[in-house]
There are 2 protein chains.
Amino acid sequence: MTRASSRRPGPPTRTERGIPEATVARLPVYLRALTALSDSGIATASSEDLATAAGVNSAKLRKDLSYLGSYGTRGVGYDVEYLRYQIAREIGVTQDWAVVIVGIGNLGHALANYSGFGTRGFRIVALLDADPTLVGERIGDMEVRDFAQLEEIVEADRVSIGVITTPAGPAQDVCDRLVAAGVTSILNFAPVVLSVPDGVDIRKVDLSIELQILAYHEQRKSGEAALPQVPELPALNGMPDLPSVGGGVGA
Amino acid sequence: MTRASSRRPGPPTRTERGIPEATVARLPVYLRALTALSDSGIATASSEDLATAAGVNSAKLRKDLSYLGSYGTRGVGYDVEYLRYQIAREIGVTQDWAVVIVGIGNLGHALANYSGFGTRGFRIVALLDADPTLVGERIGDMEVRDFAQLEEIVEADRVSIGVITTPAGPAQDVCDRLVAAGVTSILNFAPVVLSVPDGVDIRKVDLSIELQILAYHEQRKSGEAALPQVPELPALNGMPDLPSVGGGVGA
DNA sequence: AGGAGCTTGTGAACGTGAGAACAAAATCGG
DNA sequence: CCGATTTTGTTCTCACGTTCACAAGCTCCT
């Protein structure tokens, strides 16, 4: 999304050390599938096996893997451990990334409690909150620190990834501070559109949006006939009482 | 994704009461932007205003809205309240959807505590867990109930949406039970690929995948020169010690 | 050694999505 | 009442993503 590099015309211009965004988004899924296979003691897997485990079709998987190189063997399949290492290296999780979590509400709390953030490759170096009553609280083996210490921590620990789990209100300010401190990747759980300068990547996770997408499809399944086919057109400013939809989900 | 209805050829065949998936995913964002504008007392907004608030470009926004109908006025813009109602109706959040949350670990706990799940249009009717030591615990104004009561609850409250916040292990079983009980939309936080029959929509939220996508881009920013351009090829089964990447994030 | 049988890697066709650009329609000022 | 101005709705074009289909390449069996 944020990475749509503008390239010159001609052929799809795939490589050039650039992997399509859609493929990048699936690599972690393949990585997990490979880990599962490896844990089951399976040493070799065909694209069909892998695709099943990852929930995609095999042609797509093969094409995705082809962007990384030719790591399979025709007639045989892929060496699970080898491919796993190659994908991990390509994604960048063979090294450790320092992460700070800002906003220790319900959600921040929950994330902090994930064992090592659930995934190797990432290391939570600080839990930050501006609320003095939270500072000092222990969560697992960490202690909540004052948001004012952000710059200091980012510099000391070379933090490149920030997770925002504050309410919508302060999210943009927190984001600006993170960016100013040198953070270049942000995972945002606050229900707002954050704006960041070029060179900073941002991804958003929004529970209420996911639910609303499900609701749309749900409505088309059950409704189909129960819905007015011609959209009812209440006179301007005269529509029925409307609940405040679209509200926030932030911690 | 799950809703790729196969249609006959010809023109893009947009309407037919079908809105492109990419557009559906943005409607909730527009809804939130409209709510914000409405709360600021703004009665009318141009596509440019709205697009800025929603973080998209105005041409895309106009095209998205055109799938719903002609709700704007040329030379003027859109009536904020009116458009908000139309989008809410199209998404389906003018009615209330009953939701159950299964798996009251850290994350389930956090979700349960969101005020009314953060968004009107959805109503949490039950928090379920199979762990007897959790059953009976009060969270907000709700009480954790036994997972065994699932079918009963789904039927009684006409639950159509289920949220899975269990660890990876039991997730598929929970999913099967939900589907069997009559749930037709699932929001999955467990780090596994769930398989569901046709007619059931599933969406996945996966923190570790989001982080890994950020890591990939981060690596290309900082690495670029520090990385071996030619992928190092450790002999088969002879690669360096590899941390167990791709692990889970489940509660 | 040679052919049969698999499975990968990729070229080509197709479908979906994004953005530029413009004609149609509404308001407003004179 | 008419023309200038604004802004929508839509068409067209291009880029991206997915899927099909098959040649290339590897292994195994005879």
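Computed from a predicted structure; not experimentally measured. Numbers restart at 1 for each chain; the letters A, B, ... are given by sequence-line order, proteins then strands.
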Specify the separation, in whole Å, of atom [atom1] of [X] and atom [atom2] of [N].
{"X": "B/Y67", "N": "C/dT16", "atom1": "OH", "atom2": "C1'", "answer": "9 Å"}
{"X": "B/N57", "N": "C/dA21", "atom1": "CG", "atom2": "P", "answer": "12 Å"}
{"X": "B/K60", "N": "C/dT16", "atom1": "NZ", "atom2": "P", "answer": "17 Å"}
{"X": "B/D49", "N": "D/dT7", "atom1": "CG", "atom2": "P", "answer": "8 Å"}
{"X": "A/I19", "N": "D/dG17", "atom1": "CD1", "atom2": "P", "answer": "12 Å"}
{"X": "A/E48", "N": "D/dT19", "atom1": "CD", "atom2": "P", "answer": "13 Å"}
{"X": "B/R26", "N": "C/dG17", "atom1": "CZ", "atom2": "P", "answer": "8 Å"}
{"X": "A/L61", "N": "D/dG17", "atom1": "CG", "atom2": "P", "answer": "16 Å"}

So which atom in [X] and which in [Y] form the shortest heavy-atom distance, rounded to 0.1 Å?
{"X": "B/P28", "Y": "B/A25", "value": "CD-O, 3.7 Å"}
{"X": "A/V193", "Y": "B/G55", "value": "CG1-CA, 3.9 Å"}
{"X": "B/V56", "Y": "B/L61", "value": "CG2-CB, 4.1 Å"}

Between B/S47 and D/dT8, is there a side-chain N or O to OP1/OP2 distance below 4.0 Å? yes
Determine: side-chain N/O of B/Y78 to OP1/OP2 of D/dG9, distance under 4.0 Å, yes or no. yes
Answer yes if the side chains of B/D49 and B/S46 hold a donor-acceptor pair under 3.5 Å, and no otherwise. yes
Looking only at the side chains, is there a donor atom on one of B/D64 and B/T23 sitting less than 3.5 Å from an acceptor on the other? yes
Base C/dG17 paired with B/K63 side chain (donor-acceptor, <3.5 Å): no
By nearest nucleotide on DNA chain D, pick out whichever of A/R62 and B/R62 is the more 5' one. B/R62
Among C/dG17, D/dG17, C/dA20, which is the nearest nucleotide to the side chain of B/A22? C/dG17
When you measure from the side chain of A/S46, which nucleotide among C/dT7, D/dC20, D/dG9 comes out closest? C/dT7
Assign a letter to each nucleotide of nucleotides 25-30 of chain D from its 5' end: B, base within under 4.0 Å of a protein heavy atom; S, sugar-phosphate only; -, no contact. BBS---
Sole candidate of A/Y85, A/Y78, A/Y30, A/Y82 that passes ring pair (Phe, Tyr, Trp, His ring centres under 6.0 Å) when paired with A/Y71: A/Y82
B/E81 side-chain N/O to B/S38 backbone N/O, donor-acceptor pair under 3.5 Å: no
